[in-house]
2 protein chains.
Amino acid sequence: MKKYNHSTYAILGILTTNCRSGYAIKQLIDQSLNHFWKISYGQIYPALKLIVEDGLATVRTSSHESKPDRNEYFLTSKGKETLRNWLEAPIEQIPVERNEILLKLFFGRYQTQETTLLQLEDYKQKLEARYQSYLNIEHAISTGKNSEEDARYWLFTLDYGKRVTMAAIEWCQATLKQF
Amino acid sequence: MKKYNHSTYAILGILTTNCRSGYAIKQLIDQSLNHFWKISYGQIYPALKLIVEDGLATVRTSSHESKPDRNEYFLTSKGKETLRNWLEAPIEQIPVERNEILLKLFFGRYQTQETTLLQLEDYKQKLEARYQSYLNIEHAISTGKNSEEDARYWLFTLDYGKRVTMAAIEWCQATLKQF
DNA sequence: GCTCCCATGTAATCTGTTACATGATTCC
DNA sequence: GGAATCATGTAACAGATTACATGGGAGC
């Protein structure tokens with residue numbers, strides 16, 4: 001069984017939804033998976049090409065009035081099986097986030113206190129904005145036109161994002177207090 | 001002002017401590033920064049080479065009885081300034097963690113429930129082990145031979161790791177309950 | 001005419017991992 | 001003799017970003 005990278009499996013998974021073009025895949029990831037995944041067009045289009053070459057999906061160009069043509073991809077049974085095999089496979093290791101803010105704080109001794117405080121405040125604000133965006137995604141998923149079966153799992157992942165982000169916000173507050 | 005990548009700045013920062021060789025840098029990162037940073041020798045040695053070429057540090061080979069020689073690096077004033085400039089610079093964006101477990105869970109509809117549960121249990125276990133390792137790091141920092149000034153900031157970053165990991169563990173528990 | 005959104009794609013570059021190569025010393 | 005730890009380094013590869021190129025349609 002040939003191996004693909006995670007982003008390719010992400011694309012394979014998204015092709016089970018109604019997002020069928022490269023552009024739509026990018027949008028879905030940016031909008032609904034952005035709390036644990038991101039991707040660029042430089043990955044999407046070559047991956048879609050490979051997916052078709054390997055017989056995991058077929059392409060069809062569809063025209064829509066008043067919009068550019070788009071290439072729509074449909075999983076083949078081989079594609080569905082490849083996805084299922086990956087989903088059933090155990091997870092090797094949990095991710096190590098590379099966090100620039102923490103890296104700088106680690107060397108905080110060589111920073112001015114003013115900078116440390118500004119960076120913490122800034123981080124807190126960005127986390128709060130992120131939290132707010134999760135609430136928006138939550139609303140979109142709950143009221144969206146996706147299947148309830150999908151929504152259930154999507155909300156699980158979102159709950160993760162909310163909890164972890166909230167913990168980080170609380171850490172910012174607690175750390176700021178110590179200055 | 002020439003720009004370096006984050007891992008190079010991390011190395012520059014570590015050279016302010018008593019870790020002065022490639023090997024020692026790797027150890028410190030694996031032991032004390034592993035909750036928000038990781039690095040491989042394939043990055044460290046070329047980066048050290050560049051750091052010297054650019055005059056940010058000097059090398060000196062030191063011999064220790066009953067141990068192989070090691071190359072010890074010392075920041076120059078230019079190196080210290082480069083580090084300070086980076087530390088003072090604002091943070092562009094907060095990181096997006098790529099999380100394979102969440103990616104699979106997002107497509108949980110196409111997984112057997114058994115697999116979903118196993119993966120969640122497994123993730124929870126790994127997080128608990130990670131939390132425990134943070135407690136060990138905490139102890140090492142608190143009782144270590146590093147300056148108290150450093151220890152203060154190191155414990156801040158560790159607190160982040162603990163809070164976020166605990167939030168993730170709680171999420172695992174809450175999610176498992178829903179099956 | 002201009003800007004924004006839709007849409008696809010490639011090439012260069014950067015960042016990071018893995019595998020490999022080498023060799024000293026210590027402890028069993 | 002063998003395993004573990006200390007120590008340095010490179011080459012091949014994988015993964016991902018960025019910049020660039022192209023072009024249609026909608027609305028102002």
Side-chain angles (χ1 to χ4, degrees), chain A residues 2-12 14 19-31 33-34 36-53 57 59-73 92-93 95-100 103, chain B residues 2-11 14 18-31 33-34 36-53 57 59-73 92-93 95-100 103:
Chain A
K2 188 171 171 183
K3 284 209 172 180
Y4 298 92
N5 60 38
H6 290 160
S7 287
T8 303
Y9 290 117
I11 292 170
L12 238 34
I14 291 171
C19 293
R20 314 213 148 276
S21 67
Y23 189 83
I25 287 167
K26 170 75 171 151
Q27 280 192 301
L28 182 68
I29 292 183
D30 286 352
Q31 285 160 24
L33 284 80
N34 80 68
F36 63 90
W37 212 263
K38 62 173 178 161
I39 201 165
S40 66
Y41 287 122
Q43 288 171 276
I44 292 173
Y45 289 111
L48 284 170
K49 202 176 164 186
L50 179 70
I51 282 169
V52 173
E53 272 169 25
V59 218
R60 202 169 66 197
T61 302
S62 77
S63 301
H64 301 263
E65 17 169 299
S66 78
K67 279 190 182 170
D69 285 359
R70 83 176 72 126
N71 296 336
E72 296 189 325
Y73 295 81
E92 311 90 51
Q93 50 185 345
V96 174
E97 163 191 81
R98 275 192 176 80
N99 189 319
E100 190 190 345
L103 184 57
Chain B
K2 188 172 171 183
K3 283 210 174 183
Y4 298 91
N5 61 35
H6 291 161
S7 287
T8 303
Y9 289 117
I11 291 171
I14 290 173
N18 284 325
C19 293
R20 312 212 149 278
S21 69
Y23 190 81
I25 289 166
K26 171 73 172 153
Q27 279 192 303
L28 181 69
I29 292 183
D30 287 352
Q31 284 161 22
L33 286 80
N34 81 67
F36 64 89
W37 211 263
K38 61 172 179 163
I39 201 165
S40 66
Y41 287 121
Q43 287 172 275
I44 292 174
Y45 289 112
L48 284 171
K49 202 175 162 186
L50 180 70
I51 283 169
V52 173
E53 274 171 23
V59 217
R60 200 169 68 196
T61 301
S62 76
S63 300
H64 301 263
E65 16 170 299
S66 78
K67 277 189 183 172
D69 286 359
R70 81 177 72 128
N71 298 336
E72 296 189 324
Y73 295 82
E92 311 91 52
Q93 50 184 344
V96 174
E97 163 191 82
R98 275 190 175 81
N99 189 320
E100 190 190 346
L103 183 58

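Nothing here was measured: the structure is a model prediction, and the numbers come from that model.
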For this session: Output all residues satisfying side chain to side chain donor-acceptor pair (under 3.5 Å) with Tyr4(B), sequence neighbours left out; order by chain, then residue number.
Result: Asp54(B)
Atom [atom1] of [X] to atom [atom2] of [N]: distance rounded to whole Å?
X	N	atom1	atom2	result
Ile29(A)	dT17(D)	CD1	C1'	15 Å
Lys26(A)	dC5(C)	NZ	P	15 Å
Leu50(B)	dT8(D)	CG	C1'	17 Å
Arg70(A)	dC5(C)	CZ	C1'	13 Å
Ile44(A)	dT18(D)	CD1	C1'	14 Å
Asp30(B)	dA7(D)	CG	C1'	15 Å

For this session: For Glu100(A) and Glu92(B), run side-chain contact (heavy atoms from CB on, under 4.5 Å): C-alpha distance rounded to whole Å, both residues' side-chain angles, the deciding distance at 0.1 Å, then the answer.
Result: CA-CA 9 Å; Glu100(A) 190 190 345; Glu92(B) 311 91 52; 3.7 Å; yes
Exercise. Nearest 0.5 Å, what's the CG-CD1 distance between Leu28(A) and Ile11(A)?
Worked result: 11.5 Å
Problem set entry | Spacing of CD1 belonging to Ile51(A) relative to CD1 belonging to Ile44(A), to within rounding of 0.5 Å | 10.5 Å
Seminar exercise, completed: With B for base contact, S for sugar-phosphate-only contact and - for none (protein heavy atoms under 4.0 Å), nucleotides 9-19 of chain C reads BB----SSBB-
Using atom names, set out every protein N or O paired with an N or O of nucleotides 22-28 of chain D below 3.5 Å, distance rounded to 0.1 Å.
none

For this session: Please check if the side chain of Arg98(B) supplies one atom and the backbone of Trp37(A) the other of a donor-acceptor pair under 3.5 Å.
Result: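 Pair absent, no side-chain N/O of Arg98(B) close to backbone of Trp37(A).
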For this session: Could you pull out all residues at least two apart from Tyr45(B) that satisfy ring-ring contact (aromatic ring centres under 6.0 Å, His included)?
Result: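 Checked Tyr45(B) against ring-ring contact (aromatic ring centres under 6.0 Å, His included); matches are Tyr41(B).
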Exercise. For Lys26(B), what residues pass the salt bridge (charged side-chain N to carboxylate O under 4.0 Å, His left out) criterion, not counting sequence neighbours?
Worked result: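 Lys26(B) satisfies salt bridge (charged side-chain N to carboxylate O under 4.0 Å, His left out) with Asp30(B) only.
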For this session: Taking side chain to side chain contact (heavy atoms under 4.5 Å, CB included) as the test, write out the residues that go with Ser62(A), two or more places apart.
Result: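 His64(A), Arg70(A), Glu72(A).
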